[in-house]
Amino acid sequence: MQLFRDDAVSWLSTIADASVDLMVTDPPYESLEKHRKIGTTTRLKVSNGSSNQWFDIFPNQRFEELFTEIYRVLKKNTHFYLFCDQETMFYVKPIAEKVGFKFWKPIVWNKLTIGMGYHYRAKYEFILFFEKGKRKLNDLGIPDVLECKRVYRGYPTEKPVELIEILIKQSSLPDELIIDPFFGSGSALIAAKNLGRKSMGCDISEAAHTHIRQRVKIDDLS
């Protein structure tokens, strides 16, 4: 597991062409900030019930340069998974297709417990499934609705390791390289390690680096 602290796009620009086997990431997209301001994501900010520090938003206007770099560093015949909400999904899908990705479908993550919201309270999140070239999933029996309880009082927008393990098992093999340019809580990197994959991750936030070092042993950060 290798960690880097930098802007996501700048970091990706240092990675060689066609050298990555799988991308799984969860950018801090713009609509999160909007929801936070109107109080629908209170677990993501400092309050009496949460000590979480908010993070810098990745603006929508930068997604084209991000996806261009992701496409470049991925090998031919690989997959790319992007966690997002419904607003971001409609914005980023055509951008990813423009740079060369094939969009297969949104995978639904059923969090099993009801969350915040006003018009029908949230219980799910999307994982957009993109492909570069053509790669068969390792298990064609996995449904497009994945059930996994959300992380309670974790790092902001923390994703369950077991959820990301499903994606990694589906789209990679042991010893292949998984990267996450917005590693946040570190769940994707930990999932990769658990499954015997190599991993590299970047996050511009000092809090993210502090958090993952608390989750894993120093010996694993090599």
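Just so you know, these numbers come straight off a predicted model, no measurement behind them.
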If we only count heavy atoms from C-beta on, is the Ile15 to Ser19 side-chain gap below 4.5 Å?
-> yes

Sole residue of Thr157, Ile57, Asp85, Val92 in side-chain contact (heavy atoms from CB on, under 4.5 Å) with Tyr29 | Asp85

Does the Arg150 side chain pair with the main chain of Pro160, one donor and one acceptor, at a distance under 3.5 Å?
-> no

Are the aromatic ring centres of Tyr71 and Phe101 under 6.0 angstrom apart?
-> yes

Okay, side chain of Asn77, backbone of Arg135: is any donor-acceptor separation there less than 3.5 Å?
-> no

Is there a donor in the side chain of Thr25 and an acceptor in the side chain of Tyr81, or the other way round, less than 3.5 Å apart?
-> no

Could Lys75 and Asp17 be called an ion pair, given the rule that one side-chain N must be under 4.0 Å from one carboxylate O?
-> no

In a table with atom names and distances, give each donor-acceptor pair under 3.5 Å that connects a side chain of residues 106-116 to protein atoms at least two apart or in another chain.
{"from": "Trp109", "atom 1": "NE1", "to": "Cys148", "atom 2": "O", "distance (Å)": "2.7"}
{"from": "Asn110", "atom 1": "OD1", "to": "Leu112", "atom 2": "N", "distance (Å)": "2.9"}
{"from": "Lys111", "atom 1": "NZ", "to": "Glu125", "atom 2": "OE1", "distance (Å)": "3.2"}

Side chain to side chain, Leu74 and Phe130, heavy atoms closer than 4.5 Å = no

For the side chain of Arg213 and the backbone of His211, is there at least one donor-acceptor N/O pair under 3.5 Å apart?
-> no

Determine yes or no for a side-chain-to-main-chain donor-acceptor pair under 3.5 angstrom, with Asp203 supplying the side chain and Ala208 the backbone.
-> no

Trace of the side chain to side chain contact (heavy atoms under 4.5 Å, CB included) decision for Phe80 with Glu131 = CA-CA 6 Å; Phe80 163 36; Glu131 187 175 51; over 6 Å; no

Okay, side chain of Thr210, backbone of Glu206: is any donor-acceptor separation there less than 3.5 Å?
-> yes

Main-chain N/O of Ser185 paired to Arg215 side chain as donor or acceptor, under 3.5 Å = yes

Evaluation steps, side chain to side chain donor-acceptor pair (under 3.5 Å), between Asn194 and Glu165 = CA-CA 8 Å; Asn194 290 347; Glu165 284 180 351; 3.0 Å; yes

Look at the rings of Phe63 and Phe58 and say which category their plane angle falls in: under 30° parallel, 30 to 60° tilted, over 60° perpendicular.
-> perpendicular

State whether Phe83 and Lys159 meet the cation-pi test: NZ (Lys) or CZ (Arg) under 6.0 Å from the six-membered ring centroid, and within 45° of the perpendicular axis.
-> yes

Would you say the side-chain atoms of His79 pair up with the backbone N or O of Ser172, donor to acceptor, closer than 3.5 Å?
-> no

If only atom types and distance count, is the side chain of Glu176 paired as donor or acceptor with the main-chain N or O of Leu173 below 3.5 Å?
-> yes

Counting N and O atoms only, with roles assigned by atom type, does the side chain of Arg197 sit under 3.5 Å from a partner on the main chain of Ile178, one being a donor and the other an acceptor?
-> no

Would you confirm whether Thr68, through its side chain, and Glu64, through its main-chain N or O, come within 3.5 Å as a donor-acceptor pair?
-> yes

Cation-pi geometry met for Lys98 and Phe67 (6.0 Å, 45°) = no

Min side-chain heavy-atom separation Trp11-Ile179 under 4.5 Å | yes

